[in-house]
Each structure stands twice: as C-alpha cells, then as structure tokens.
Amino acid sequence: MRSRRRHTWSNWAGNVTDSAETLAPRTPEEVAEAVRSAAGEGRRIRPVGSGHSFTAVAQADDLRLDLHHLSGIVSADRHTGRVRVLAGTPLRVLNQALDWLGLAMPNCLVKGPIGQCVKTLV
C-alpha cells in the first residue's frame with residue numbers, strides 16, 4: 001500500500017475540507033488490511049471517492065481511504081445486466097465501459113465536475 005500522507009482534501013465544490021492522514025490502497029486486500037489496522041489502533045477510517053457531494057459525508061477526521069487506484073469492471077454479465085466494479089470507479093468511467101458492453105445504468109445522471117465515484121467494495 002502507498003505510504004500514509006497528509007494533505008488538504010476538499011470536495012468538488014470546495015465547501016468541505018480536511019487534512020486527514022490518507023491511505024491509498026491498490027487492491028481490495030489492502031483495503032481490508034487498512035480497515036483492520038485502523039480498527040486495531042482505535043482509529044476511524046473514511047472512504048472517499050471523487051468528492052462529489054455537497055455535504056461532509058466524505059470529510060475525514062482521522063484517516064481517509066483514497067480509493068482512486070481501485071477502478072474498473074471486475075465482471076459483467078450482459079445477459080442479466082449485473083456488473084461488479086471496484087470501489088473507486090468514477091461513474092463517468094463506468095458509464096463509458098457499460099456503453100462499450102451495450103449496457104447502461106437506468107436513471108444515472110452524471111453531470112457537473114469530473115464524475116462521481118461508486119463507493120461500494122466488491
């Protein structure tokens with residue numbers, strides 16, 4: 001996993017900022033290790049995607065888990081339409097990949113800054 005670093009983070013609108021220590025795992029296993037380690041140390045960990053929120057939902061007060069290295073489709077079933085993606089996949093990237101597969105997300109509106117981020121780990 002990338003070393004821990006501290007820098008100022010802000011959401012896309014700039015109305016929410018923090019300077020939490022940041023981890024940038026490259027695999028789901030590294031995510032699990034980061035969560036175990038934080039729990040063992042009694043620390044709180046907050047995942048963050050693209051920061052496309054007007055609220056403080058991604059604001060970290062202890063550790064931030066930057067998921068940008070975890071991007072892409074894990075599996076896709078064109079028959080059922082079920083697609084599994086990595087947690088850091090921006091919606092704009094996912095929409096492009098789905099289009100290439102002849103699939104789409106219904107009612108998925110992606111406008112504004114450079115896309116949102118799917119934040120559910122597979």
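None of these values were measured; they are calculated from a predicted model.
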Exercise. Are the side chains of Val85 and Val74 in touch, meaning some heavy atoms are under 4.5 Å apart?
Worked result: no
Problem set entry | Exam field: side chain Arg78 to backbone Leu101, donor-acceptor pair closer than 3.5 Å | yes
For this session: Ignoring hydrogens and angles, state whether a donor on the side chain of Glu41 or Ser37 is under 3.5 Å from an acceptor on the partner side chain.
Result: yes
Exercise. Between CG of Leu63 and CZ of Arg46, what distance do you get to the nearest 0.5 Å?
Worked result: 11.5 Å
Exercise. Would you say the side-chain atoms of Thr89 pair up with the backbone N or O of Leu86, donor to acceptor, closer than 3.5 Å?
Worked result: yes
Problem set entry | Minimum heavy-atom distance Ile73-Ala97, with the two atoms named | CD1-CB, 3.5 Å
Exercise. Within the side chain of Gln59, is there an N or O that forms a donor-acceptor pair under 3.5 Å with the backbone of Thr17?
Worked result: yes
For this session: Start with the C-alpha gap between Leu67 and Val48, add the side-chain angles, then the distance that decides, and say whether side-chain contact (heavy atoms from CB on, under 4.5 Å) holds.
Result: CA-CA 6 Å; Leu67 301 173; Val48 64; over 6 Å; no
Exercise. Counting only N and O atoms by type, is there a donor-acceptor contact under 3.5 Å from the side chain of Asp99 to the main-chain atoms of Asn95?
Worked result: no
Problem set entry | Gap between atom CZ of Arg43 and atom CG of Asp62 - 0.5 Å precision | 4.5 Å
Exercise. Would a distance-only check, ignoring hydrogens and angles, find a side-chain to backbone donor-acceptor pair under 3.5 Å from Asn11 to Asn15?
Worked result: yes
For this session: Take Val83 and Leu103 through the side-chain contact (heavy atoms from CB on, under 4.5 Å) test and state the conclusion after the steps.
Result: CA-CA 9 Å; Val83 177; Leu103 299 170; 3.8 Å; yes
For this session: Would you confirm whether Glu30, through its side chain, and Arg26, through its main-chain N or O, come within 3.5 Å as a donor-acceptor pair?
Result: yes
Exercise. Got a salt bridge between Arg82 and Asp77, using NZ or NE/NH1/NH2 to carboxylate O under 4.0 Å?
Worked result: no
For this session: Working to the nearest 0.5 Å, report the span between CG of Leu65 and CG of Leu23.
Result: 6.0 Å
For this session: Please lay out, stage by stage, how Thr55 and Val16 fare under the test side-chain contact (heavy atoms from CB on, under 4.5 Å).
Result: CA-CA 7 Å; Thr55 70; Val16 179; over 6 Å; no
Problem set entry | hydrophobic_cluster_shared for Leu98 and Val93, side chain cutoff 4.5 Å | no
